[in-house]
Amino acid sequence: MVSKDILPNREKEPDTLSEELLAWFAANSRKLPWRIGYIPYQVWISEIMLQQTQVKTMLAYYDRWMVRFPDIASIAQAPEDDVLRLWEGLGYYARARNIQKAARIMVSDLGGKVPRDFDVLRSLPGIGRYTAGAIMSIAFNADYPAADANAGRIFARLGDIAHPSGSKEFCDSVDRMAWQLLPRGRSRDFNQALMDLGSLVCLAKEPLCVQCPISGRCEALYKGFTGLRPVKAGKKAVIQIARAAVVMVRKGKVLIRRRPGTGLMAHLWELPGGDVPSGMSPQKGVGRLWEDELGIRLGPLESLGVIKHSHTAFRVELHAFLCNDPNPLPRAVKNAQQLQWVAIAELEKPAFPSAHRRIIRAFLERLRCASQADSPVAIPKAKKPLPVSTQDFSNA
DNA sequence: AACTCGTGGCA
DNA sequence: TTGCCAAGAGT
């Protein structure tokens, strides 16, 4: 056995892949708010917000979340409507409700703290295998892998994994590499190094291999296969759907409806409407929907415009209408729907799906300008999340 | 084991 | 414009 003292230079130079990554991270890491002090609560919230969401998209949400909910107790005590309103526009709204469920468990059963235990974390709502590992490593620097899509892509190229991403074989290979490369005691930086490298250098499209600190060990690059790794699973066909919704105005208030507590956009509010029955015009279709679901016969409709918006599985054209009805009288409402008349000035308070928020913006704009086009206008996307103010619109 | 669950950035 | 993609979890 050769004494370390005889080989001082090898001690100073990174000589493993993990050390190359750690050195790269030390020089190139992104400055992100939850990386200041690594407060477990902040790391947890950041990880939930980042699920299927890019840093650039969530950053503004994260900042205002920490102003409104600076700690676990504040989120545990908050009304669910407040939580959803702060999440409006981020998507996957079960994440927000699961944060609150988990916060309440932390307060009641876990001493009001983020648990420092993988299995306990894993048992909390919204925390799966990845997120539990991410919190253990990033918040507590404990030795757990956190192999997200970035790490998966890096490992798939590094080891030239030919299995399709999402397959069990792929996940097993990634998991094995993650455990194998994890430098004990440095898991916080290592896991984040993989994420930053994946989002800054080892990009899904056109990776910047010349900037990569481990390109010399990348099997896919050596074979010229970086564009083929990871192998993507088959994609599904996108379906076109026509929907319609109505801004019903009566005595300065607008009728909104709360969505059910399960399924798509649970517990968000919406402008009543829905899928346009096939073969009908949007205008006629939404009249049918209102009559069937609300027992309201709509008066003359004015177009507010058309919204094009897409989900993973389908592309939607949402037709928005305005109805100034002096006296609509709801008959029997089906399915015990939760309906509410909200003052126009309070429309910013409930949480709406993005597309419906765009309709409300167009409606308020119409009130300001009173302009009307001949044909439906395209309603644009908002650039930033709508600022939040006081909640509680229920008694307005 | 496949689906479902959203949205905005980006080329 | 269209399609792809993103720090996944729950069922």
Side-chain angles (χ1 to χ4, degrees), chain A residues 30 32 34-35 43-62 84 87-99 101-102 121-135 137-139 145-154 164-169 171 174 178 188 191-200 202-207 227 230 232-238 240 259-260 262-268 270 307-316 318 351-358 378 380-385:
Chain A
R30 291 174 290 181
L32 298 170
W34 53 92
R35 290 178 175 175
V43 171
W44 166 42
I45 299 302
S46 75
E47 283 303 330
I48 304 299
M49 278 192 179
L50 283 162
Q51 289 170 4
Q52 302 291 286
T53 307
Q54 298 186 23
V55 169
K56 183 171 184 179
T57 302
M58 59 75 83
L59 217 40
Y61 287 86
Y62 176 89
L84 286 172
W87 207 268
E88 182 189 286
L90 263 186
Y92 291 134
Y93 296 94
R95 292 184 292 174
R97 301 209 296 144
N98 282 336
I99 285 176
K101 289 176 193 166
L121 282 168
R122 182 68 186 75
S123 73
L124 293 169
I127 299 182
R129 202 172 59 128
Y130 161 76
T131 303
I135 294 172
S137 59
I138 298 173
D148 65 331
N150 289 306
R153 188 168 58 252
I154 292 169
S165 62
S167 69
K168 187 178 187 304
E169 292 86 348
C171 294
V174 167
R188 167 185 288 157
N191 287 340
Q192 294 188 101
L194 288 172
M195 297 171 193
D196 278 21
L197 187 71
S199 54
L200 296 174
C202 194
L203 307 174
K205 299 174 186 174
E206 301 183 43
K232 302 165 200 84
K235 56 240 171 218
K236 279 174 279 185
V238 177
Q240 305 264 353
R259 296 183 56 84
T262 57
L264 188 65
M265 294 179 276
H267 278 179
L268 269 69
E270 65 183 0
I307 285 167
K308 296 186 182 211
H309 110 284
S310 53
H311 296 230
T312 310
F314 38 125
R315 177 174 305 281
V316 181
L318 174 60
F352 289 98
S354 256
H356 287 236
R357 178 59 73 193
R358 284 164 70 183
K381 288 186 183 182
K383 299 299 180 195
K384 294 178 180 177

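The structure presented is a predicted model; accordingly, all values stated were derived computationally and were not measured. A note on names: the letters A, B, ... follow the listed sequences, proteins ahead of strands, and every chain is numbered from 1.
- Contacts of Met265(A) with the nucleic acid, taken as non-hydrogen atoms under 4.0 Å apart, involve only primed sugar atoms and P, OP1 or OP2.
- The environment of CZ in Arg129(A) is sparse: at most 12 heavy-atom neighbours from other residues, nucleotides or ligands sit within 6.0 Å.
- Note on Arg315(A): a side-chain N or O is less than 4.0 Å away from OP1 or OP2 of dG3(C).
- Evaluation of the salt bridge (Lys or Arg N to Asp or Glu O under 4.0 Å) rule for Arg357(A) yields Glu88(A) as partners, not counting sequence neighbours.
- Taking the 5' to 3' direction, DNA chain B first and last meets chain A under 4.0 angstrom from a heavy atom at dT4(B) to dC10(B).
- Spacing between atom CD of Glu206(A) and atom C1' of dC5(C) amounts to 14 Å, rounded to whole angstrom units.
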Just by protein heavy atoms under 4.0 Å, how would nucleotides 6-11 of chain C read 5' to 3' in B, S and -? BBBSS-

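- For Arg35(A), the salt bridge (Lys or Arg N to Asp or Glu O under 4.0 Å) partners at least two apart in sequence or on another chain are Asp196(A).
- The side-chain contact (heavy atoms from CB on, under 4.5 Å) search around Arg95(A) returns Ile48(A), Gln51(A), Thr53(A), Trp87(A), Leu90(A), Tyr92(A), not counting sequence neighbours.
- Atom P of dA7(C) sits at a distance of 23 Å from the matching atom of dT4(B), rounded to the whole Å.
- Scanning for salt bridge (Lys or Arg N to Asp or Glu O under 4.0 Å) contacts around Lys381(A) gives an empty result, with sequence neighbours left out.
- Legend: residues meeting ring-ring contact (aromatic ring centres under 6.0 Å, His included) with Tyr62(A), ordered by chain and number and at least two apart, are Trp34(A).
- Backbone-only engagement by Leu264(A) is indicated by non-hydrogen atom pairs under 4.0 Å involving sugar-phosphate atoms exclusively.
- Counting non-hydrogen atoms under 4.0 angstrom, Lys232(A) reaches the backbone sugars and phosphates but no base.
- Checked against salt bridge (Lys or Arg N to Asp or Glu O under 4.0 Å), Arg315(A) has no partners two or more places apart in sequence or in another chain.
- Between dT11(C) and dG6(B), the two P atoms lie 14 Å apart (nearest whole Å).
- By the ring-ring contact (aromatic ring centres under 6.0 Å, His included) test, His309(A) pairs with His311(A), sequence neighbours left out.
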